There are 2 protein chains.
Amino acid sequence: MTRLSELPVTTIKLNNKRMSEQIFEQLCDWIMDGTLRAGQKISEDELADRFGVSRMPVREAVRLLSAKGLVESIPYIGTTVRVLTDHEVREIYLLRSVLEPLASSKAAEYIIDVELEQLQNIQTELEKNAKLPLSLSTSKELYRLNKEFHMCMYAPSRMNTLLKIIDGLWDSIANIRMRIAYTSIYPQQMQHEHRDYIHCLKQRDGETLAQLVKKNLEFHAKQIPSIDKLFEMDQALHQ
Amino acid sequence: MTRLSELPVTTIKLNNKRMSEQIFEQLCDWIMDGTLRAGQKISEDELADRFGVSRMPVREAVRLLSAKGLVESIPYIGTTVRVLTDHEVREIYLLRSVLEPLASSKAAEYIIDVELEQLQNIQTELEKNAKLPLSLSTSKELYRLNKEFHMCMYAPSRMNTLLKIIDGLWDSIANIRMRIAYTSIYPQQMQHEHRDYIHCLKQRDGETLAQLVKKNLEFHAKQIPSIDKLFEMDQALHQ
DNA sequence: CCGGATTTGTTCGTATGTATG
DNA sequence: CCATACATACGAACAAATCCG
């Protein structure tokens, strides 16, 4: 007979996170994948019902989204998913093209072998997924892995504030980017970009890496159709 | 006789802000001016008492501070004012020296005369205050006006995301900077810097402006004593 | 212009998790 | 290891503000 004290701990602490944080992440996801569309109103009451919790954690999650700039909240009026203008999207790409090369070059300076291996693993995973036929779910998964790759690539820079800013920039345009990836040949190109990045990192060549990152970002920024165009695409999809 | 419909709206909505936002701002202030010191524990209950409100608005304010990176919060444990390492302070200066020149040059491109006048007004106000003897309160006021000046200078860039990021960077090192300003001759130098900036803006010379901003930031970054030194200074003050 | 319906903001009580003895 | 003390997290009800008819 097994003594109780010898049994493995069964009560896994899933609850190490606040409920509000879990809801925050879910809402983030829904905004990024378009389940909650730009301009849509968010009802705290309704969400609370859907999650089966009280309004309080939902409320906190909404405040956090507001702080992150994913929604806009006006006292006593309500909260809506933020609508980005064309100008704002371009601004974000400009900021990325300044900040991500910086993170890259610093990362090349400080990256250690374990981190390189990690990056390689993500890339392997990515290449597996890139072979699957494009659909909403694979597009989402590709986006997630791509973000993970980039964050892992920048992390060795040891610049935590910068990492947080970049993370925020990605999230704010995630929805737009996922809609583009869904109807493009981006996955193939992504593979090549990543391989080049890894190559530079292995050689600790931060300068070349930064240039590459900047060049690719500027290229992608040009590819982004105007918000109006995206809106038209949506209209077409719903006909 | 004036018809009622022609009268200006009299009921000014002072209450347009949430209580949590007001508390957020107050706590921000207290962290920045050192009333709440780095590493100090924050008790939601205690603050609620002090503000004469319930714990919920305080809680939300603390969550926002946490999102902004001014405090660190662990579920069921508590919240402490964030302690910046030397490395993190230097990172923030590096980011500023990249982002603020960018904002400057764009601002020079789009600034209109009204905005130039506004900037000049703030500068006039600043010069008045700079003549006062240095004390904690004048130092605080100088910091506030200096920040306002810079934000107004960057605002014409029309890059709202960038402005928000810069604002966050300023706030995160406000405490450290105020402690330095309190014991330095910074105010005089600030005047000259600002006049140069205004001169460039008047001529719409974004390139020179950006170079100036960058140069000054790099200079100030060098002047920042290490966190250890600052800590020693505090020790000395309390003896 | 006013009153009900709805939604948000706040209060308070209770549950839950963490740290000490 | 367990019990107690403490602070935080959540839930339900009340109050305040907005919108619509």
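Treat the numbers as computed from the prediction; the structure is a model and nothing was measured.
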Tell me the interatomic distance from M19(A), atom CE, to dT8(D), atom P, rounded to whole angstroms.
19 Å
To the nearest angstrom, the CD-P distance between E60(B) and dT8(D) comes to 16 Å
Tell me, which pairs form a side chain to side chain donor-acceptor pair (under 3.5 Å) where one or both residues lie in residues 163-173 of chain B, sequence neighbours left out?
K68(B)-D171(B), E100(B)-W170(B), K147(B)-D167(B), K147(B)-D171(B)
With sequence neighbours excluded, what pairs up with E46(A) under the side chain to side chain donor-acceptor pair (under 3.5 Å) test?
none
Residues two or more places apart in sequence or in another chain: which of them pass side chain to side chain donor-acceptor pair (under 3.5 Å) with R144(A)?
E141(A), E148(A)
Applying salt bridge (Lys or Arg N to Asp or Glu O under 4.0 Å), which residue pairs with at least one partner in residues 73-83 of chain A are found, sequence neighbours left out?
E72(A)-R82(A), R82(A)-E88(A)
Distances under 3.5 Å between nitrogen or oxygen atoms of protein and nucleotides 5-7 of chain C:
none

For [X], give me all partners under side chain to side chain contact (heavy atoms under 4.5 Å, CB included), at least two apart in sequence or on another chain.
{"X": "D49(B)", "answer": "none"}
{"X": "V83(B)", "answer": "A38(B)"}
{"X": "A155(B)", "answer": "L163(B)"}

May I have the list of side-chain donor-acceptor pairs in residues 111-123 of chain A shorter than 3.5 Å, sequence neighbours left out?
from	atom 1	to	atom 2	distance (Å)
D113(A)	OD1	R204(A)	NH2	3.3
E115(A)	OE1	I112(A)	N	3.0
E115(A)	OE1	R158(A)	NH2	3.1
E115(A)	OE2	R158(A)	NH1	2.8
E115(A)	OE2	R158(A)	NH2	3.3
Q123(A)	OE1	H194(A)	ND1	2.9
Q123(A)	NE2	E127(A)	OE2	2.8
Q123(A)	NE2	Q191(A)	OE1	3.3

Any side-chain N or O of R59(B) less than 4.0 Å from the OP1 or OP2 oxygen of dT11(C)?
no
Scan residues 64-74 of chain B against DNA chain C and write down, sorted by residue number, each residue with any heavy atom closer than 4.0 Å; if none is found, say none.
none
Considering only heavy atoms, which members of residues 48-57 of chain B lie under 4.0 Å from some atom of DNA chain D?
R55(B), M56(B)
Could you pull out every donor-acceptor pair under 3.5 Å between side chains of residues 23-32 of chain A and any protein atom, sequence neighbours left out?
from	atom 1	to	atom 2	distance (Å)
E25(A)	OE1	K17(A)	NZ	3.4
E25(A)	OE2	K17(A)	NZ	3.2

Check whether the side chains of T35(A) and D33(A) place a donor and an acceptor atom closer than 3.5 Å, and report yes or no.
yes
